[in-house]
Chemist: 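Here it is, the structure, as C-alpha cells.
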Amino acid sequence: MELILIPLLSAALAYGAGQQLNRSLAFALSLVPGLVALALGVHSIDVPWFSDDIRLALNPSGWSNLMLLLTNFLVPVIVLAGWREGEKFSLQVALTLFMQAALNGVFMAQDGLTFYIFWELALIPIYFLALLFSEGDRFAVTLKFFLYTFLGSLTMLASLMYLYSLTSVGDDGHHSFAYSALQAVELSTTEGFWVGLGLFLAFAVKIPLMPFHAWQSDTYTQAPAGATMLLSGIMLKMGLYGLFVWFVALAPESLHYMLVEDLFDFRDLIMVMGLAGLLYGAFIAMRQSDAKRLIAFSSLSHVGLIAMAMLTMKSDGVNGAVLQMWVHGVNAVGLFLVVDLIERRLGHRDLEQMGGFAKSSPFFAATALIIVLGTVAVPLTNGFPGEFLMLKAVFNTGTGYCGVLAALTIIFCAVYMLRFFQLAFMGPEKGSLSSLEWNEKLALLIIGAAVLYTGVQPQIILDMVQSNTDSWLNAIAESGGILS
Amino acid sequence: MSALLIVFAAAILVLFLGINKPESAMKWPSVILLMLAGLVALSGVDLATWLTVPESMISYSSMDRLFVALLCGIGALVIAVFDALSSKGSDRLGLMMLSLTGAVMLVGQENLVMMFLGIEVMSIPLYVLAGSDKQNIFSNEAAIKYFLLGAFSTAILLLGSAFLYGATGTLVLQSMTHKASMYAHFGVYPPMLVAGLVLLAVGLLFKVSAVPFHFWAPDVYEGSPTRSTAFMATIVKIAGFSALLRVTMAFEPMSLWYQNAVAILAILSIIVGNMMGLVQSSPKRMLAYSSIAHAGYMLLVLLLVGQAQFEADSILYLYLVAYSIASTGAFAWIEWATQRSGKMDFTMFNGLSSNRWAIVNMVIVFLSLAGIPLTAGFAGKYYLFASAFSIHPLAVGFALLGTLLSIAYYFRAFRFAFADTQESTPNAKFSWVLMLVSVAILLVGCAPMWFMP
C-alpha cells in the first residue's frame, strides 16, 4: 500500500512545489517509495472496495517483486536524467511519480478490478506527458496511442466481467473478483478463446506485439525522452506481465483453440506474432538513421522474443523471459537516455551527422558501450543469460526453424546496435559534446552498474522468480494440460 | 415530504423577496435553503406531521429521499457554481427552485396524476429559463423549441395515462402492477395497455432526451444560458430517470415484452450521442450529445428491474450522482471559459492550462465524464455495466464502445487547453466551488461504497 500512497503524495508535493522543485529534491522524492519498501517490506492489503466481493487487494509475490524492483529502480533514474529542467519540470516529475503509483498498483493487484483500475490509471499520466511535451503533431499521435490502448483495456474489462460472472458463488451469495477465483474458472476451449482474446488484446497493444504496433514508433519517437523511457522501460513490462499473469494464467484454455483445424492454434498465432515482430523490428532498425526510432524498433524486436519464450511453457524459457523483462527495462531506459543526452546537446538525433563523440567525452562513450553491449547480449552483460535461456527453450519447442530465426536476431541486433554506437561515438569527429551534468553522469553510472551486475549475477534474479515460475507452470498444467 | 415543502416555500420566498434585488443577494440564501432541504430529506425527519397525504398519491421511501437529497444538492451546486447573472431581479433563481419542486414531486409520485403534475411543474419554469437571455436570439429559439416540443410530449404522456387508466381502471402505479402481472400471466396484452405504455414511455423518454426523442436537446442546450442548460442536463435527468424507473418497476411483470425495446433504445442513444458528439465544434453542443449518450447508458438500468440480485435503484442513483456532479462541473467550465475568451467554439479553452490549479479541476471533471478509474464516472459506469452485462451483453458491448468514442471528444477539450497559444489570458475569477466539485468526484470515485445505498 505504501508503494502507492507515497508516490501519490510525492506527486502532489512535486506539483505543489512548482518552480521551487529542483533536480535533487525530485530525485529524493522518487527514491522514497523504493527505500521505504526495502527497509520495511511491502505490506499487502485486502479490504472491500467497490463491494464486499470486489476488493482492493494488493499483495506482491515472486514476479511482481521483480517488477516492483524494476519500477522503483527506474523511476528515480528517469526523474534524475530523463526530464530536462525547465518551466514545466515540476509537472513532469509529478506525472512521473503518479505513474509510479499506478504501476506499483498494477504489479501488486490480486483482484480483477483492482488490476483494471490501476492499469487504466497508468494510462492517464503517460497520456498527459505525451500530450504536453511531444513534438510534431502531438494531439493526433497521443490520441491514437490513447484510443488504441483504451480499446484493449475495454476488451479486457469485458473478459474480466465475463469471468467474474462464472466464478463460484461464495457463502455470501456473491461472485468474486479475486485472482484465485478468476483463475479457478473452468472454460471450454471456445469460450476460453474469446475470453482470452479480450485479455490478449489489452496486453498485445501495450507491449506491442506485431500487428498492434502501429501506435508505437510515432509515440516513442515524438514523445519526450522521459515519457519514452516510462513507456518502453516500464509500461511495456506491464503488458508482458499482464500476458503472463492475467492472460495465460486466467485463460490457458484459449491457447488450444484451433484457428486452422489440426494445424494452427492460438498459441502458434502468438508465437508467430512474436517472431514477426522480432524480425520486422530488427530489419527496420537496421535501416534507421533517426537514433530514437532505431531504439524503438529494437525494442519491438526484443519483446517479440520474450513473448515467444513465455509461450514455450518451459521452466527455462519462462525464467529467461521474466529475467529479460528486467533486463530490457534497464537497457531500454539506458539507450533512450544515451540518445536523449546526445539530442540535448546537438538539437537533433540524425545518426548520419554524428560521429567521434568518444574523443570528446570518453566517460559517456564507455557507459554507452556497456549499455549497447548489454542489449547485444554479450556474455557478462545482463542481456546474455536471459537471451540464452529463452533461445534454448525456443529451440527445444516445436520445429527448429523458429529457434533458428529467433537466434538470427542476435546477429541482427549486433548489426544495428553496433552501427548505432559506431556512427555516434567512433569515426571521424563531427563536432563535440559539452560535458555531462552530475545527474546525467549519475544516471548513466547507475544503469551501467545494473547492466554489469545482472550480467555477472543473474542468479539473484532467477532465484527471485523461480518459485513463481514453478507455480505458474503447475497452475497452467492443471487447468489446461498444455505442457508440451 | 418535508423536503418538498421546504423547496416549495423557498421558491416562493426567493421569488417574492428577490423580486427587485440583484441575484447576488439571493444566491447564497437559496443555496443554504436547498442544502437544508437536502439534509432534511437525508435525515428523514418529518416536519409536517399534521399533513397527511394519501400514500397512493405521493410517498417517499428511503431510496426516494436519497434522490431528493441529490436533487437538492445538485440544485444548490448549480446555483452556487455559476456567477449571478442578473442585477435587476432574482426571478431566475426562484424559477429554478420552482422547477426543482416539480422534480422532487416527480421522484415521490405513486400515481399518474402526480407524475403529470410533477412533470408540468418541473417543465414550465424550464421553458422560461431556456429563454431567459432575452436579447439573445438563440435563447429565444431554444425557449420556443423546448416549449412546443415539450408541450407535445406532455400531451402524449397524458394520452398515455388516459389509455392506461382505460386498460387497468386505476391511476395508482402499484395497482397497475397487479393488472400487469395478470395480463403477463395469460400472455395477452390488450392494445389499450400497450398503446398507453408506449405513449407514456415516449413522454418520459423525451424528458431525458433519449434517442429517437432527442432532437430538441442540442439546440436547446446550446441556445439556453449555460446555467439553465446545466440545470436541465442534471435535474431533469435525475427526476426523469427516477420516474422512468418507477414506471418500469410498476410494469415489471411485462419485462419480457419491453426488454428488447429498452435495449435497442439504449444502444441507439449511445451510438447517436457519441457519434454526433465527435463532430461538434461547440463544447456546449458536444455536452448535449454527451448527455444523450449518458441517457443511453442509464437506460440500461431499466434492464435490471426485476432481477433480484441487482438493486437497480442504487445503481441508477450512483450513476446519477457521478453524471450530474461532473456535468455541472463541465458546464461551469464552459461558462467560465466563455466569459474569459468571449468565444463559443472549442478555442474558448485555449491557454487555460496557464492556471495550474484550475486546469487540474478541469481534467478531473472531463476524466469523470469519460469514466476513467478513480473518478466518480468510473464507479457509476462500472456498477451499471457489470450488472447489465449478465442480462444483455450486447448492449453493454455497445456501451463500452461508446465510452471509447466519448474519450475522443472529451479529450478534445484538453487539446485546446494545453495548446501553445500566445493569446492573452486575463485571469477571470475562479470559483472555489468548482474545487469542491473535483474533490467530490474523487471521493465518490475512490470510495464508491460509501455512496452506494
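Here is the naming used below: chain letters follow the sequence lines, and residue numbers restart at 1 for every chain. On a predicted model such as this, the values are computed, not experimentally measured, just so you know. Just the heavy atoms: all of them, side chains too, but no hydrogens, waters or symmetry mates, feed the values below.
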Chemist: Taking A:Trp49 for the side chain and B:Cys446 for the main chain, is one N or O donor matched with an acceptor at less than 3.5 Å?
Modeler: yes
Chemist: Could you tell me whether B:Met275 atom CE has more than 12 heavy atoms of other residues or ligands within 6.0 Å of it?
Modeler: no
Chemist: Chain B heavy atoms under 4.5 Å from A:Phe118: which part of the residue, side chain, backbone, both or neither?
Modeler: neither
Chemist: Given that the side chain runs from C-beta out, which part of B:Ile372 has a heavy atom under 4.5 Å from chain A: side chain, backbone, both or neither?
Modeler: side chain
Chemist: How are the rings of A:Phe177 and B:Tyr382 set to each other: parallel, tilted or perpendicular (split at 30° and 60°)?
Modeler: tilted
Chemist: Tell me, for B:Leu405 versus chain A, whether the close heavy atoms (under 4.5 Å) come from the side chain, the backbone, both or neither.
Modeler: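 Contact with chain A is absent: no heavy atom of B:Leu405 under 4.5 Å.
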Chemist: Heavy atom to heavy atom, less than 4.5 Å: which residues from residues 103-116 of chain A reach chain B?
Modeler: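 If one takes a 4.5 Å heavy-atom cut-off, the residues of residues 103-116 of chain A near chain B are A:Leu113, A:Tyr116.
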Chemist: Mind listing the closest non-hydrogen atom pair of A:Leu121 and B:Pro373 along with its distance?
Modeler: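 The pair with the smallest heavy-atom distance is CD1-O, 3.6 Å.
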Chemist: Hey, do the aromatic rings of B:Phe389 and A:Tyr164 have their centres closer than 6.0 Å?
Modeler: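 Ring centroids of B:Phe389 and A:Tyr164 are no less than 6.0 Å from each other.
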Chemist: What's the shortest heavy-atom distance between B:Leu400 and A:Leu154, and which atoms?
Modeler: O-CD1, 3.1 Å
Chemist: Counting heavy-atom pairs closer than 4.5 Å to chain B, which one of A:Leu123, A:Leu157, A:Leu151, A:Leu131 comes out on top?
Modeler: A:Leu151
Chemist: Report yes if some heavy atom in the side chain of B:Val396 is under 4.5 Å from a heavy atom in the side chain of A:Met161; otherwise report no.
Modeler: yes
Chemist: Heavy-atom distance under 4.5 Å between the side chains of A:Phe139 and B:Phe411, does that happen here?
Modeler: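 Answer no - side chains too far apart.
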Chemist: More than 12 heavy atoms of other residues, nucleotides or ligands under 6.0 Å from CD of B:Glu252: yes or no?
Modeler: yes
Chemist: Which pair of non-hydrogen atoms, one from B:Trp357 and one from A:Gly16, has the smallest distance, and what is that distance?
Modeler: CZ2-CA, 4.0 Å
Chemist: Please identify, among A:Ser165, A:Ser51, A:Pro48, A:Ser153, the residue contributing the most non-hydrogen atom pairs under 4.5 Å to chain B.
Modeler: A:Ser51
Chemist: Go through the atoms of A:Tyr15 and report whether side chain, backbone, both or neither lie under 4.5 Å from a heavy atom of chain B.
Modeler: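 Both backbone and side chain of A:Tyr15 come within 4.5 Å of chain B.
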Chemist: Hey, which of A:Leu91, A:Leu132, A:Leu143 has the most heavy atom pairs under 4.5 Å with chain B?
Modeler: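 Greatest number of close heavy-atom pairs with chain B: A:Leu132.
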Chemist: Can you tell me which portion of B:Phe418 sits under 4.5 Å from chain A's heavy atoms? Options are side chain, backbone, both or neither.
Modeler: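 Both parts, backbone and side chain.
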